[in-house]
Each structure stands twice: as C-alpha cells, then as structure tokens.
2 protein chains.
Amino acid sequence: MLFRPKSLKSFQRILGQHKVLVSEEDLLSYSYDTTAERVIPQMVVLVESTEDVQAVVDFALDEGLIITPRGAGTGMSGGSVPLKRGIVISTERMAFIYQVDPEARTMLVGSGITTVAVQNEAAKHGLFYPPDPSSYKASTIGGNVAENAGGLRCVKYGTTKHYVLGLEFVNAHAEVLRTGALDEGESPFDLTPLLVGSEGTLGVITTILLRLIEAPAARGTLRLLFPSLEEAAGASAEIMAAGVVPSVAEIMDKAVLEAVTAFTGTRLPAEAQALLLIEVDGPAEAVEAGMAQVEHICRTRRALEIQSTRNPVEAEQLWTLRRSVSPSLARLARGKLNEDVSVPRSQLPDLIAAAQRISRRYGLLIPCFGHVGDGNIHVNVMFNPDDTLERKRALQAVEEIYKETVALGGSISGEHGIGYVKRDYLRLQMSQSEIDTLRRIKQAFDPDGIFNPGKIIPD
Amino acid sequence: MLFRPKSLKSFQRILGQHKVLVSEEDLLSYSYDTTAERVIPQMVVLVESTEDVQAVVDFALDEGLIITPRGAGTGMSGGSVPLKRGIVISTERMAFIYQVDPEARTMLVGSGITTVAVQNEAAKHGLFYPPDPSSYKASTIGGNVAENAGGLRCVKYGTTKHYVLGLEFVNAHAEVLRTGALDEGESPFDLTPLLVGSEGTLGVITTILLRLIEAPAARGTLRLLFPSLEEAAGASAEIMAAGVVPSVAEIMDKAVLEAVTAFTGTRLPAEAQALLLIEVDGPAEAVEAGMAQVEHICRTRRALEIQSTRNPVEAEQLWTLRRSVSPSLARLARGKLNEDVSVPRSQLPDLIAAAQRISRRYGLLIPCFGHVGDGNIHVNVMFNPDDTLERKRALQAVEEIYKETVALGGSISGEHGIGYVKRDYLRLQMSQSEIDTLRRIKQAFDPDGIFNPGKIIPD
C-alpha cells in the first residue's frame, strides 16, 4: 500500500478524483522526458489551480512524499523525471491566458500554457514573445521558465529569463508567494531570477507575468553552404562584428549535413562541409540592408551557394534541413547524448574540431549543430544503447567534451538546464563555495528536500 | 580590552596597520549615516582589495565579531550604521575603475568608486550611467548597489539594479563568489539580483560590472508652476500618457515651495501651489517634440508659469529650487523623518492629501516632494528632536503615512532601502511567508548572522 487509504480518499475528495492519477498505465506517461532515465511516479496530480498545488504540497508533507513538477515533459536534462518517485505535479491543465495588456506589453498566464499558444496570442495583438525552444509547440511556459529555455532566437532576443517580469509559486510550506512585478509589496530582494532556471527544486511555479515586445515588421531568411566549417563560423563572426544582429544564426557541421540530406533526400554540392541558416528581422529597410551585408560577407568567405528570401512560405523551404535535424539524427543510432554546451563565439571552431577529434578517438559519430550566434552548440554523441561498452565510451566522450568546453572558457549548460544529466559535471565549472551557496539556498527554500531531489546540485 | 592583543597585532601586521582604525576619534566618523542613530564601531578597516575583505571576515569569525559594510555613509535608512558595533568595513579605498569596454558598453569597478566618477568616466567614452541618487557626488557604487539606489532619472532609466550585470562579493565564510556576467561558469540560478538591494546583509560586495548605455544626444529642461497640486500631478500623468517619457519628472508641494523660496530668496507667483521640473532627453528632434508636448499639456492644465531651455547652463538655473530642497528643509526643524514611499502614479494626489491631513492632525510640518513620474515621493515629517512628545508624535505620523501608502497600493520603500529605519514596518507590506523566505535566504548566506544584524528583516 503506497498511501494510507483514508488519506488518499480524503485527498481525492478534496481535489476531485479526476485530477488524481494512480493507475500504472496513467503513471507511465509521466515517467520520462527526452533523456534516458525513466522512473514511474507513485501518483500524478493534474492541478488546475494554485489552490490545487497547495493541496498537493500539504498532502506530500503529511505523507512524507517528494514532488516533481512537470510541464510537457519535453526537457533535455531530466528536470521532470521523478527520480525518487513520489508525486508528479503536472501543470498541463493550467493552460490559462489570464490577461494581455497591449499597452504595458505584458501577458499573465498559467504555467501550463504552451509556448506556441503564448506566441500566437501575442501575435494577435501585434506583439511578439521571442523565446522559441525547438519543442515550442508542446513545451509549457512553466517548463521554459523552470529551465530558462533558450531557442533559435536567443542570439538576438535572449532566453526565457529576459521575458519574466514576475511569478507566483507554491513553496515547500504550501504557501503562495509572488515575486517581481506580481509582488505588490516589493520585496527588498527580487526572488524572480532565483526561480527562473531552478528546475522545480525551489517551488512549483503556477502563474507567470511575461514581457512581450513589438513584433518585427519584416523578416528575411538566408541559407548558405560553405566549403569548410571554419569559413562558416568565420562568416558568422564577421556578420556579428559588422553590426548585423541576426535573429537566427544556426550552423550545421558535415556529419549533421550528411544525416539531414539522407533523411530528406536533398542533394547539396559535394564540397559542402557546413551550412549556415540566418534570419534578420526588424524594420523593412534594416532587413534589406542586413541581408545585403550577410550576402556580401558570405561571398567573400567563399560560400558555395546562397539562397535568400523575404517570403515566409519560401523561408519554410530554407528551414527544412534545420527542422529535420532531430529526426535525422534519431536515424543514425538509437542512443544519443545531446550535449548542449556553450563557448565564446570565437572558440566555436575549436570546440567543433575537438568534438571531431573525440569522435575519431572513441569511434563514435558526434554530429554538431546549434546557435552559432551565441556560441551555444549541441554536440550529439551517438551510440548503440544495447552495447554496454559503447555506452560507456559515449559517456567518457561526453566527459571529454565537457572538459574541452570548460578549457575553452565555456559552460556545460547552454539552454537545456542541468537536471540529473549534468549534475555531476557542475563541479567542472563551479567552485565548492559556489555549489555550497546553491545548496544553502535550496535548503532555505526547501528544508526537507521535498521538491525534485537529485537535480542540479551535486551530492 | 576589546580584542585579544595578540590577535589584533597579528591582524594589523597581515593587513598593514594603516588600514586598521581603532582610536575613538577615527571610529566616530564611521558611526552614522543620514539617519538618527549613531553607534560607534569597535574597529574600522579601510579595505583596499578583495583579499583584505577576506582577511577581515576571517578575523571577525575568529573573534566572534559582526561586520557592517559601508560605502560613503550617505544612506537614508541606516544600512551602514553599525547597530551592534563590531567591525565596519569601509570600501572607500576600493575606488577603482578597472576597465571600460566601449564596445560591450560595460565598466568594471571597485565597490568604493563614487557614483559621479562612474558617470564622468562613462561620459569620456560617449556613454551614460543613468542612476543618480541625490548623494551621487559622495555615494559609492557599492552603496548604491547594496541599497538599489534610485534617483531623479529612475522614471525613464530605472534604478541601480538595471545596470548591474554581475558582481563579486565575499561571503560569511570568507570565500570569494562571482555572479552574473562575472561568473564564468554561469550558475544555474543568478545570484546578482539577491545581492542588489541586500544592504550588506548577505556579503561584502567588492567588484561590480556595470552596464552603460549610449549618451542621449540632446536634453531639454522645463520648470512649471501650477495653481494646485492636483493640476501639477494631473499634468505629469497626462505627459506620461501622451507617450513622452521624461528623464526627470519632479514635483514639490506648497510646503516645500515655501521652504525653498525662503532659503534661496526666490520670488514666485503667490498662487503657485506646486512646481514640476521636467527633463526630456534623446535624439534632438525627439527632445523638441517632447518639450512642445509638455508645454502644450501644461498650458491646458492652467500652468501659471512655464520656463524652458535646451541650454545646459540655463538648465542649472531651473534646477536651483530642486537642488535646494534638502538644505531648505533642514532649516525648518532640526528633526526630520524623511519617509521615502511610492504609490501608483494615479494615487499620488491622494497620498499628498493624506500627508496634509496627517500634518494638520499632528500639528507637524510635512513637506512632500519627489519623483512624480514613478510615484516615488519623499514625505518629510519635521519635528523638534529635543521635545520628547513631539518626537513621539512624529513617529506616529510616519506610521500613519506608511498605512496610507499601503492602503493606496504602494510600497513603504521607494529607493532608500529598508535598513533599521523601516524594518519594523516591513510587515505592513509583506506576508509572514514572504518575510520567512527572506530570513531563510539570509540564514543560507550568513548562518551565524555576522553581516549587518538588525537590518531589513524584522525579528
């Protein structure tokens, strides 16, 4: 018996039975995200309000259970995997848009609303919510905030944290707290930036006040092929140095190009070693000028092929290869360690070269792609999960990639969070006193460790 | 004997004797800020480096002493008053400008540099550091950051927190921590916003990376007199609603006008009940357009007198009355409780009306002035400090002002911090669980309570 039958009954009665899942088949769907680990929770609660979240925390405290908050389960570092079982609080039913204020350019939402729904609602008012993680059609804003999700447009527009004005969360004492612009009595210290990126370890986020910006008037898209990775990265650096701030600047290396052309049946010039996908947005004249500059720079950098358009439908064509990256890589091997690292822009060719060396040394495919504009690269170590030795080699390769990243002045987490996946590697980039500080803050918020144990902070 | 003579000697030897003050006359200068309380510390250390600060924290831990960090001692809420004696760490000798990066628009400084020195250094590079607390010529950046200082330009440019990209501080274990853009290995949660506004209760800030912005090309100044406070506040609200964002929007009520005209010998029309001082900055054409709009709106709001200039020397003339407020009020009475509160802009006339009612009820002068643009008003309760009963009445009047402020949806701290002055009133605007959260964060950073006890968090 997992719960005392009486307390479970009364909990179900208080909350409404339809919100409480306890059957094995229901629980299975809440046991994983995109990472390898699967753990079936003891209970899932489909909360519909802040009060529901308070009731779950109360119940968990009474029963001595832990809580893992979950948005859509699209995370890349295991934030929502209930490692120690207990209760999963799913915010999927808190898909609320409470208010849009076009004057103040804000939107008040429930944490379960999807990223795409926020983007669409903003667009209705001529406004723009820029963060766009790849999973934006499924991911929730609450999950984006908890992981400080990035996306293709980070380079120009920043990550989720730049769009959170305030939030409401339920703490480990089942109390409701409001921060930032939602805190009427302005706290002397603003807790908002602590909660953003805290991956459900400090509390359960229920409501978020988002900052919106004016929608850009025009957008241009370019797809460029290069004879070498150095030329592609160099062109990208030169574009930024020339004062063009592209809204998207994506790079793919040769291994990724091979995967996506095979998957989509696209034919590219045989000499193509790297691809750049660039978008420029803003006032129409600025977009024209920016695109002309990008074309000019890429020509001097020996681009093999330049395709460009201002037409949104044609733009989708140019995006095809980029959008096919994930399914294409999935075909290469069943096991993939998607390591999301970031380095100073100038170090990017060195990092990819290091990945290629590591690839040869370990005999593993390591395709690289990502956001060249801000040096955030996804290094994918492919392996056969049924081959224990290969799995071990893959993990060693990842550790080497992390070490190279830190040696190049980078960070082992670009935009996917730490979760359990990178937890043990945090020591590579943080000192003992920094880690101790994180642990003390965690204890301050959650003295009994009921929220998402096993994430972020190394033991 | 305050210190074990051996440990004091070895401390002085390690640090250099010239940095350690222990004589009564030296200590006296570090016993106060602009608030009423004076407490003479046991020791003052004039730190010159981060290592010096670490040595002081180590010494304090050994000796069981508490530490109060201090910039220039110009604070308005007692943040730097060493309530429990112990050691004052003065950062005045850390007046360093380490680096200006005009490309990145950043400046790396020691926490003891004055605000004006930062403004001047930025100006040399065509850049602008906007925060300008009244004490900017004396106040230090470290103090501004610790108090999240505001100033006249808040309404357009925000407070100090909007200009801190990262910082270095020494924690209660004598460890050095770096946050935000100074933290190379990017912590999952950004601690910067916790330290900004923490008033020396979480650590000693040693180095700060400031964000600079482009200097505005032009600036226009207007001084406007009105027949009523309502018309002045209404004009100000209308100006903002029209889309003009003035860089300065200051209001003075009748009681302040009487004090400054008496002090400066200026003659104003007898019907003048309120004054507005407005500045508009930006590109030259935008300044022209903005000034024209301000003049138009003020005319329809029955302004008695409108003076305007684009000439910086003439602008100083228009600033005379505003700059004379503090010395003028000092003449009215020796005791002044300067209560810095903020309310939503629309509630400003109601707040000043409430102050006038409270003034009549308690038989005390309560002049009001401040930043009408963001609803941040300085309500000054004047009293005779030698008259015990009057002092008591003044404190009661302040408490009533706080209650009115909270009832109008405002905050009891506009830009001066909490310190010891407003500590007991924090409960008026924060719930028990919010205060508990602050206390737990304080304990996480400073388990033994060595940093600045008696500030911010109510017992």
Side-chain angles (χ1 to χ4, degrees), chain A residues 103 147-148 161 171 173-180 183-199 201-203 241 342 406 409-414 417-418 422 426-447 455-457, chain B residues 103 147-148 161 171 173-180 183-199 201-203 241 342 406 409-414 417-418 422 426-447 455-457:
Chain A
E103 301 291 295
E147 299 292 332
N148 185 24
K161 72 176 173 188
N171 73 8
H173 310 277
E175 298 160 338
V176 179
L177 289 167
R178 297 204 177 93
T179 74
D183 172 24
E184 284 165 10
E186 273 191 61
S187 163
F189 338 133
D190 183 5
L191 303 181
T192 315
L194 270 190
L195 270 294
V196 177
S198 65
E199 306 191 22
T201 62
L202 304 182
S342 70
V406 173
S411 163
I412 63 165
S413 171
I418 302 295
K422 297 188 177 180
L426 208 59
R427 291 189 192 284
L428 291 176
Q429 68 180 35
M430 293 184 82
S431 69
Q432 187 59 45
S433 49
E434 287 180 308
I435 290 172
D436 289 345
T437 305
L438 293 191
R439 184 174 297 118
R440 286 186 216 113
I441 291 174
K442 163 70 176 172
Q443 280 161 357
F445 276 82
D446 182 17
K455 308 295 169 67
I456 302 187
I457 302 168
Chain B
E103 301 290 296
E147 300 293 332
N148 187 24
K161 72 175 170 186
N171 73 8
H173 310 278
E175 298 160 338
V176 179
L177 289 168
R178 297 204 177 94
T179 74
D183 172 23
E184 285 166 11
E186 273 190 63
S187 163
F189 339 132
D190 183 5
L191 301 182
T192 314
L194 270 190
L195 271 294
V196 177
S198 65
E199 305 191 23
T201 62
L202 304 183
S342 70
V406 173
S411 163
I412 63 167
S413 171
I418 302 294
K422 299 188 176 180
L426 208 57
R427 291 187 192 285
L428 290 177
Q429 68 180 36
M430 292 183 82
S431 68
Q432 188 58 45
S433 49
E434 286 180 309
I435 290 172
D436 289 345
T437 305
L438 293 189
R439 183 175 298 118
R440 286 185 215 116
I441 290 173
K442 163 72 175 171
Q443 280 161 358
F445 277 83
D446 181 16
K455 309 294 170 66
I456 301 188
I457 302 169

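Keep in mind that this is a model prediction, so the values were computed, not measured. Throughout, protein chains are lettered first and strands after them, A, B, ... in sequence-line order, and every chain is numbered starting at 1.
Scored by the salt bridge (Lys or Arg N to Asp or Glu O under 4.0 Å) test, D446(B) finds K442(B) as partners (sequence neighbours excluded). D436(A) pairs by the side chain to side chain contact (heavy atoms under 4.5 Å, CB included) definition with Q432(A), R439(A), R440(A), not counting sequence neighbours.
Taking the side chain as every heavy atom from C-beta outward, L191(A) and L194(B) approach each other to under 4.5 Å. Contact check for F445(B) versus I441(A): side-chain heavy atoms found under the 4.5 Å cut-off. At a threshold of 4.5 Å between non-hydrogen side-chain atoms, the residues P193(A) and T192(B) do not count as touching.
With respect to chain A, the highest number of heavy-atom pairs below 4.5 Å among I457(B), I418(B), V406(B), L438(B) belongs to L438(B).
Atom CZ of F189(A) and atom CD of E199(B) lie 8.0 Å apart (nearest 0.5 Å). Considering CD of Q429(A) and CG of D183(B), their distance stands at 8.0 Å, rounded to 0.5 Å. Rounded to the nearest 0.5 Å, atoms CD (E434(B)) and CG (N171(A)) are 10.5 Å apart.
With a threshold of 4.5 angstrom between heavy atoms, E175(B) approaches chain A through side-chain atoms but not through N, CA, C or O. Using a 4.5 Å cut-off between heavy atoms, I456(B) touches chain A through its side chain atoms alone. For T437(B), the part sitting under 4.5 Å from any heavy atom of chain A is the side chain, from C-beta outward, and nothing else. Residue I435(B) does not touch chain A at all, counting heavy-atom pairs closer than 4.5 Å.
Considering every non-hydrogen atom in both S433(A) and V176(B), the closest pair reads OG-O, 4.3 Å.
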